[in-house]
*Asks:* 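To start, I am sharing the structure in question, which I have written as structure tokens.
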Amino acid sequence: MDAITCSTGRRHRSLGGDWSVSPDGRTRTIVAKNDAGQEQFRRVVDIVTLDDKRFTYRVYPDPANKAVYYDIIHTPTTHAEPTE
């Protein structure tokens with residue numbers, strides 16, 4: 001798994017952890033950890049698009065209802081990271 005660190009613009013780390021893509025490229029697993037390295041939650045999501053222009057994954061608010069979902073879209077950026 002690769003390491004992640006996310007920030008909300010605050011002076012402290014708000015989320016860290018590990019992520020990986022399944023060997024078949026269909027799902028992404030993220031494991032969020034606190035500052036002590038203890039797992040806080042684990043989420044496995046379906047990958048919709050994964051290429052050099054876009055990474056899109058799908059989240060189902062109710063896993064039993066596949067008709068309702070949110071697509072989370074990540075695209076490359078060149079903006080500076082927040083400092084505070």
Side-chain angles (χ1 to χ4, degrees):
M1 288 193 161
D2 292 310
I4 58 166
T5 301
C6 297
S7 173
T8 59
R10 296 185 209 129
R11 292 179 186 247
H12 64 280
R13 186 175 89 182
S14 61
L15 173 70
D18 303 308
W19 65 272
S20 64
V21 174
S22 63
D24 63 8
R26 292 182 177 183
T27 61
R28 188 230 39 198
T29 300
I30 188 167
V31 180
K33 298 179 180 179
N34 63 17
D35 287 337
Q38 298 165 319
E39 184 174 325
Q40 299 300 291
F41 67 86
R42 178 179 300 255
R43 180 177 293 158
V44 178
V45 294
D46 294 334
I47 294 175
V48 177
T49 306
L50 179 56
D51 59 33
D52 60 346
K53 303 272 188 225
R54 181 173 291 178
F55 170 43
T56 305
Y57 61 90
R58 186 159 288 165
V59 177
Y60 299 95
D62 176 1
N65 181 3
K66 299 293 185 182
V68 177
Y69 59 86
Y70 300 99
D71 282 350
I72 311 301
I73 302 168
H74 296 273
T75 57
T77 184
T78 58
H79 69 75
E81 291 190 31
T83 58
E84 297 195 26

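We count residues from 1, following the sequence as given. Everything quoted here is computed from the prediction, not taken from an experiment. Values reported hereafter were calculated over all heavy atoms of this structure, with side chains retained and with hydrogens, waters and symmetry mates removed.
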*Asks:* Got a second to check how far His74's NE2 is from Arg54's CZ, nearest 0.5 Å?
*Replies:*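 Taking NE2 in His74 and CZ in Arg54, the distance rounds to 11.5 Å.
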
*Asks:* Do Arg26 and Ile47 have side-chain heavy atoms sitting under 4.5 Å apart?
*Replies:*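 A side-chain contact under 4.5 Å is absent here.
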
*Asks:* What distance do His79 atom NE2 and Thr77 atom OG1 have between them, rounded to the nearest 0.5 Å?
*Replies:*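 Here the interatomic distance stands at 3.5 Å.
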
*Asks:* Please round to the nearest 0.5 Å and tell me the distance separating atom CD of Gln40 and atom CG of Asn34.
*Replies:*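 Between atom CD of Gln40 and atom CG of Asn34 there are 4.0 Å.
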
*Asks:* Of all the heavy-atom pairs spanning Asp71 and Arg58, show the shortest one and how long it is.
*Replies:*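 Asp71 and Arg58 have their closest heavy atoms at OD1-NE, 2.6 Å.
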
*Asks:* Any idea which heavy atoms bring Leu50 and Phe55 closest together, and the distance?
*Replies:*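 In this case the closest contact between Leu50 and Phe55 is CD1-CD1, 3.6 Å.
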
*Asks:* Show the nearest heavy-atom pair for residues Pro61 and Tyr69, with the distance to one decimal.
*Replies:*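 Taking Pro61 first and Tyr69 second, the nearest heavy atoms are CD-CA, 4.1 Å.
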
*Asks:* Please identify which of these residues, Ile73, Thr49, Ile72, meets the side chain to side chain contact (heavy atoms under 4.5 Å, CB included) condition with Tyr57.
*Replies:*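 Only match with Tyr57 under side chain to side chain contact (heavy atoms under 4.5 Å, CB included): Ile72.
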
*Asks:* Just by modelled atom types, is the Val44 backbone N or O under 3.5 Å from a matching donor or acceptor in the Thr27 side chain?
*Replies:*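 Pair absent, no side-chain N/O of Thr27 close to backbone of Val44.
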
*Asks:* For the CD1 atom of Ile30 and the CZ atom of Arg42, what is their distance to the nearest 0.5 Å?
*Replies:*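 Interatomic distance, Ile30 CD1 to Arg42 CZ, rounded to 0.5 Å: 11.0 Å.
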
*Asks:* At what distance, to the nearest 0.5 angstrom, does OG1 of Thr56 lie from CG of Asp46?
*Replies:*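 So the OG1 of Thr56 and the CG of Asp46 are separated by 12.5 Å.
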
*Asks:* Which residues pass the side-chain contact (heavy atoms from CB on, under 4.5 Å) test with Asp62, not counting sequence neighbours?
*Replies:*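 Asp62 satisfies side-chain contact (heavy atoms from CB on, under 4.5 Å) with Ala64, Asn65 only.
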
